[in-house]
Number of protein chains: 2
Amino acid sequence: MKPADSITIGEAARATGVSAKMIRYYEETGLLGPAARTASGYRLYAPADLHALRFVRRGRDLGFSVEDIKALLALWQDRARASAKVKALALGHVDDLRRRIAALEDMARTLSDLAEHCCGDARPDCPILDDLAAGATTGDGPHHPAFGVGRTPSR
Amino acid sequence: MKPADSITIGEAARATGVSAKMIRYYEETGLLGPAARTASGYRLYAPADLHALRFVRRGRDLGFSVEDIKALLALWQDRARASAKVKALALGHVDDLRRRIAALEDMARTLSDLAEHCCGDARPDCPILDDLAAGATTGDGPHHPAFGVGRTPSR
DNA sequence: GTGGGGCTTCCCATGGTGGGAAGGTCAAGG
DNA sequence: CCTTGACCTTCCCACCATGGGAAGCCCCAC
């Protein structure tokens, strides 16, 4: 029944670090082709499938969306691919990462500045709450749209 | 009918930068108390409500979860609060932000290193795909957890 | 032949956000 | 007075990637 080099989904999960749940999900959404099955319906994974699963896992670890990974997988399996396409995808993703990093850094900077000025004792006075409430009264002040994130504390 | 200083949800949305959808959601999930209503069921917002909405908005801009904002709102409205609690919340959030930043930076660094060595022309050779495929063969190597490093709401 | 662990499918939840349908309300203008 | 159009209401659906769990087979070892 079960070919010698094929393993079940649980074993594949352990071997690749991708949960069985996610393996099924990737199949369902078309990231991976339908798995081979035993007569009784169990999914079977051959070494090449594990290879693809680890590829996907690595892509996720690098923060690629499943959609991007679908494209990368296709390029990987296309022996006539142009590396330019891969590079463009990767650099686009790096841009995305950098934008998200900048947004998070803005938040972290603003917040730790505020926290630095908060004595953090039993008294109620708190520049952090003051800032939140000030955002509350200044509303969408001078630096409004710019996807919100970079507002400087107004005082 | 409609008190002079109260406005409808759409006006409140425009005034605070929080969409009507989200205002309803915040009410539904208990972040905000139930809004006043006209006889015909329209929600009404008084200036104090707008104040709270802007507070929430500013908190979201700073990357706080709705749950955290619920706590911050309660502290804001508690005149006997200890600023230590606010500070602890804020610093905890800063830690979280820094962890996410570090994870994203790892990804960005790795990827741009790889991209730098990819000539990006019509040839198929590509160190980026090689790395993905190598993560594919090394598989369960270092296996850094990289917990929630997926996409964060860029908002 | 029985017990336990693995597999299957199916549904549900998360967190914030948007989209949209179906229907009620309100104000302005004919 | 009636229409029109902008607004409001509730309700359901979708996203993205992931986990949880139930009900029901399957397979192997004892």
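Quick note on labels: first sequence line is chain A, next is B, and so on, each numbered from 1. Source: prediction; values computed, not measured.
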Honestly curious: do A:Ile69 and A:Leu75 fall in one hydrophobic cluster under the side-chain, below-4.5 Å linking rule? yes

Nucleotide C:dG15, atom P - distance to CZ of B:Phe64 in whole Å: 17 Å

Remember a base hit wins even if backbone is also touched, and classify A:Arg24 as base, sugar-phosphate or nothing at under 4.0 Å, heavy atoms. base

Which value, rounded to the nearest 0.5 Å, describes the distance between B:Leu53 atom CG and B:Glu27 atom CD? 10.0 Å

Between D:dC7 (P) and B:Ile7 (CD1): distance, integer Å: 14 Å

A:Asp96/A:Arg99 salt bridge by N-O under 4.0 Å criterion: yes

Using side chain to side chain contact (heavy atoms under 4.5 Å, CB included), reason through B:Phe55 and B:Leu72 one step at a time and then give a plain yes or no. CA-CA 9 Å; B:Phe55 184 102; B:Leu72 289 169; 4.1 Å; yes

Counting only side-chain N and O atoms of A:Ser19, is one of them less than 4.0 Å from OP1 or OP2 of D:dT18? no

I need the CG-P distance between A:Leu31 and D:dC16, as an integer number of Å. 13 Å

Quick one: what's the B/S/- string for nucleotides 21-30 of chain D, heavy-atom cutoff under 4.0 Å, read 5' to 3'? B----BS---

Round to the nearest Å and state the distance from B:Tyr45 atom OH to D:dC7 atom C1'. 14 Å

Between P on C:dG6 and CZ on A:Arg14, what's the gap in Å once rounded to a whole number? 7 Å

Sequence neighbours excluded, the answer for ring pair (Phe, Tyr, Trp, His ring centres under 6.0 Å) partners of B:Phe64 is B:His93

Testing C:dG15, D:dT10, C:dT8 for proximity to the side chain of B:Tyr25, the answer is C:dG15

For A:Val56 and A:Val18, run side chain to side chain contact (heavy atoms under 4.5 Å, CB included): C-alpha distance rounded to whole Å, both residues' side-chain angles, the deciding distance at 0.1 Å, then the answer. CA-CA 9 Å; A:Val56 171; A:Val18 181; 5.7 Å; no

Of all the choices, D:dA17, C:dT9, C:dG16, which nucleotide is nearest to the side chain of A:Val66 once you look at every atom? D:dA17

Nearest to side-chain heavy atoms of B:Ile9, which nucleotide of C:dG15, C:dG18, D:dC8: D:dC8

Counting only side-chain nitrogens and oxygens, does B:Arg37 get under 4.0 Å of the OP1 or OP2 atom of C:dT25? no

Is there a path of hydrophobic side-chain contacts, each under 4.5 Å between heavy atoms of I, L, V, M, F, W or Y residues, that connects A:Leu91 with A:Val86? no

Report the distance from atom CD1 of A:Ile23 to atom P of D:dG19, rounded to the nearest whole Å. 11 Å

Indicate whether OP1 or OP2 belonging to D:dT10 is found under 4.0 Å from a side-chain N or O atom of B:Arg43. yes

What is the distance, to the nearest angstrom, from the CG atom on B:Leu32 to the P atom on C:dG16? 14 Å

Is the distance from OP1 or OP2 of C:dG6 to the nearest side-chain N or O of A:Thr8 less than 4.0 Å? no

What is the distance, rounded to the nearest whole Å, between atom CZ of A:Arg60 and atom P of D:dG19? 11 Å

